[in-house]
Participant: 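First the structure, which I've put down as structure tokens, then a few questions once you've had a look.
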Amino acid sequence: MIIGIVGQIGSGKSEAAKIFAKYGGHLISADRIGKEVVENNPAILRKLAAIFGGQILTKGGRLRRRKLGEIAFASKENKVKLNKIIHPHLLKELARQVRLATKSCNFVIIDAALLIDWGWDKRVDYTILIKSTANVVEQRLQKRGLSIREIRDRRESQLSPNDMKRSADFIILNNNSLESLELSVAKIIKKLCRKGLTLAI
């Protein structure tokens with residue numbers, strides 16, 4: 001069984017994905033793939049610098065992710081430019097990793113904010129939406145050092161929770177503690193087991 005975990009930035013999507021993985025699932029992070037694709041491909045770094053400016057790179061030529069984010073998420077046009085450079089490579093690697101994982105594991109979890117944008121909600125068995133209210137998201141992300149402007153730019157660049165809800169088979173409201181999130185995940189795991197999931201643990 002393959003499940004996709006979706007949710008806006010700050011929703012706790014990746015934390016939820018890690019909890020699902022504790023039940024014996026193989027976790028694939030689209031964000032991690034994206035980082036590796038960029039950092040391991042000098043040609044992509046050069047393209048990004050050519051479009052978004054040399055300030056997105058350190059003196060040593062490494063990507064300054066926050067600076068790139070500030071520029072790329074400030075407008076829809078910039079976001080489209082960023083996606084055109086990175087997503088073809090990311091999606092190719094995502095497909096490869098999922099293909100390999102399904103050969104050796106009967107439970108695969110894809111942590112991907114853009115799963116629905118990519119049409120991958122049609123390629124997984126179940127899509128799970130993690131959502132939180134705006135004030136909770138802002139509090140979490142401010143603790144990570146993001147400004148309110150950065151937070152709102154990034155949220156506005158993503159599908160809204162209401163749009164994601166149309167493609168979701170399960171929804172978790174994650175406004176409270178980690179323990180509360182763990183209980184919500186456990187309830188969904190029970191439902192997935194009734195739908196054919198066999199746990200390896």
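These numbers come from the heavy atoms of this one structure, side chains and all, not from hydrogens, waters or symmetry mates.
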Participant: Specify the closest pair of heavy atoms between Ala16 and Ile130, including all atoms of both residues, with the distance to one decimal.
Facilitator: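 Heavy atoms of Ala16 and Ile130 come nearest at CB-CD1, 3.7 Å.
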Participant: Let me confirm one number: the CD1-CG distance from Ile19 to Leu27, rounded to the nearest 0.5 Å.
Facilitator: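 One finds 11.5 Å between CD1 of Ile19 and CG of Leu27.
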Participant: Between Ile172 and Ser184, what is the shortest heavy-atom contact and its length?
Facilitator: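 Scanning both residues, the minimum pair turns out to be CG2-CB, 3.8 Å.
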Participant: Whether Glu77 and Lys81 form a salt bridge (side-chain N of Lys/Arg under 4.0 Å from carboxylate O of Asp/Glu) is what I want to check.
Facilitator: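 Yes, charged N to carboxylate O under 4.0 Å.
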Participant: Would Glu70 and Arg149 pass as an ion pair if we require N to O under 4.0 Å?
Facilitator: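 Here Glu70 does not pair with Arg149 in a salt bridge, since their nearest N and O are not under 4.0 Å apart.
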Participant: Passes side-chain contact (heavy atoms from CB on, under 4.5 Å), Asp111 versus Asp31? Steps please.
Facilitator: CA-CA 8 Å; Asp111 170 9; Asp31 189 50; over 6 Å; no
Participant: For the residue pair Glu93 and Glu36, establish whether any side-chain heavy-atom pair is separated by less than 4.5 Å.
Facilitator: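 Counting from C-beta outward, Glu93 and Glu36 never come under 4.5 Å.
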Participant: Taking all atoms of both residues into account, what is the closest heavy-atom pair of Ile109 and Gly25, and its distance?
Facilitator: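 So the minimum-distance heavy-atom pair works out to CD1-CA, 3.7 Å.
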Participant: Under the side-chain contact (heavy atoms from CB on, under 4.5 Å) rule, what do Gln97 and Ile33 come out as? Steps first, then yes or no, please.
Facilitator: CA-CA 10 Å; Gln97 290 193 19; Ile33 292 173; 3.7 Å; yes
Participant: Can you name the residues that form a ring pair (Phe, Tyr, Trp, His ring centres under 6.0 Å) with Trp118, not counting sequence neighbours?
Facilitator: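 Checked Trp118 against ring pair (Phe, Tyr, Trp, His ring centres under 6.0 Å); matches are His87.
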Participant: Heavy atoms only: give me the nearest Met1-Leu197 pair and the separation to one decimal.
Facilitator: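 That would be CE-N, 3.6 Å.
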Participant: Taking the side chain as every heavy atom from C-beta outward, state whether Lys47 and Ile44 have any pair of such atoms under 4.5 Å apart.
Facilitator: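 When only atoms from C-beta onward are counted, Ile44 and Lys47 do not touch, as no gap falls below 4.5 Å.
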Participant: Quick check for you: to the nearest 0.5 Å, what is the distance between Arg166 atom CZ and Asp121 atom CG?
Facilitator: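 Rounded to the nearest 0.5 Å, the CZ-CG separation comes to 12.5 Å.
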Participant: Is any side-chain heavy atom of Arg46 less than 4.5 Å from a side-chain heavy atom of Pro42?
Facilitator: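 Touching, per the 4.5 Å side-chain cut-off.
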Participant: Which atom names give the shortest non-hydrogen contact between Ile71 and Asn78, and what distance separates them?
Facilitator: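 Smallest heavy-atom distance, with atoms named: O-ND2, 3.0 Å.
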Participant: Looking at Leu91, Thr127, Val6, Leu114, which hits side-chain contact (heavy atoms from CB on, under 4.5 Å) with Trp120?
Facilitator: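 That would be Leu91; it is the only one of Leu91, Thr127, Val6, Leu114 passing the side-chain contact (heavy atoms from CB on, under 4.5 Å) with Trp120.
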Participant: Do Ser132 and Arg140 touch side chain to side chain, with heavy atoms closer than 4.5 Å?
Facilitator: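 A side-chain contact exists here, since the closest heavy-atom pair is under 4.5 Å.
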Participant: For Lys79, give me all partners under salt bridge (charged side-chain N to carboxylate O under 4.0 Å, His left out), at least two apart in sequence or on another chain.
Facilitator: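 If we apply the salt bridge (charged side-chain N to carboxylate O under 4.0 Å, His left out) test to Lys79, skipping adjacent residues, there are no hits.
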Participant: So which heavy atom on Leu82 is nearest to which on Ala72, and how close?
Facilitator: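 Shortest heavy-atom contact: CD2-CB, 3.7 Å.
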Participant: With rounding to the nearest 0.5 angstrom, report the CG to CD1 distance, Leu141 to Ile9.
Facilitator: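 It comes to 5.0 Å.
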Participant: Are Leu192 and Phe170 side-chain neighbours, meaning at least one heavy-atom pair lies under 4.5 Å?
Facilitator: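 Sidechains of Phe170 and Leu192: in contact.
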Participant: Step through the shown structure and confirm whether more than 12 heavy atoms of other residues, nucleotides or ligands are within 6.0 Å of CZ on Arg64.
Facilitator: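 Yes, enclosed.
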Participant: What do the steps show when you test Asp169 against Ile3 for side-chain contact (heavy atoms from CB on, under 4.5 Å), and what is the final call?
Facilitator: CA-CA 10 Å; Asp169 299 290; Ile3 65 168; over 6 Å; no
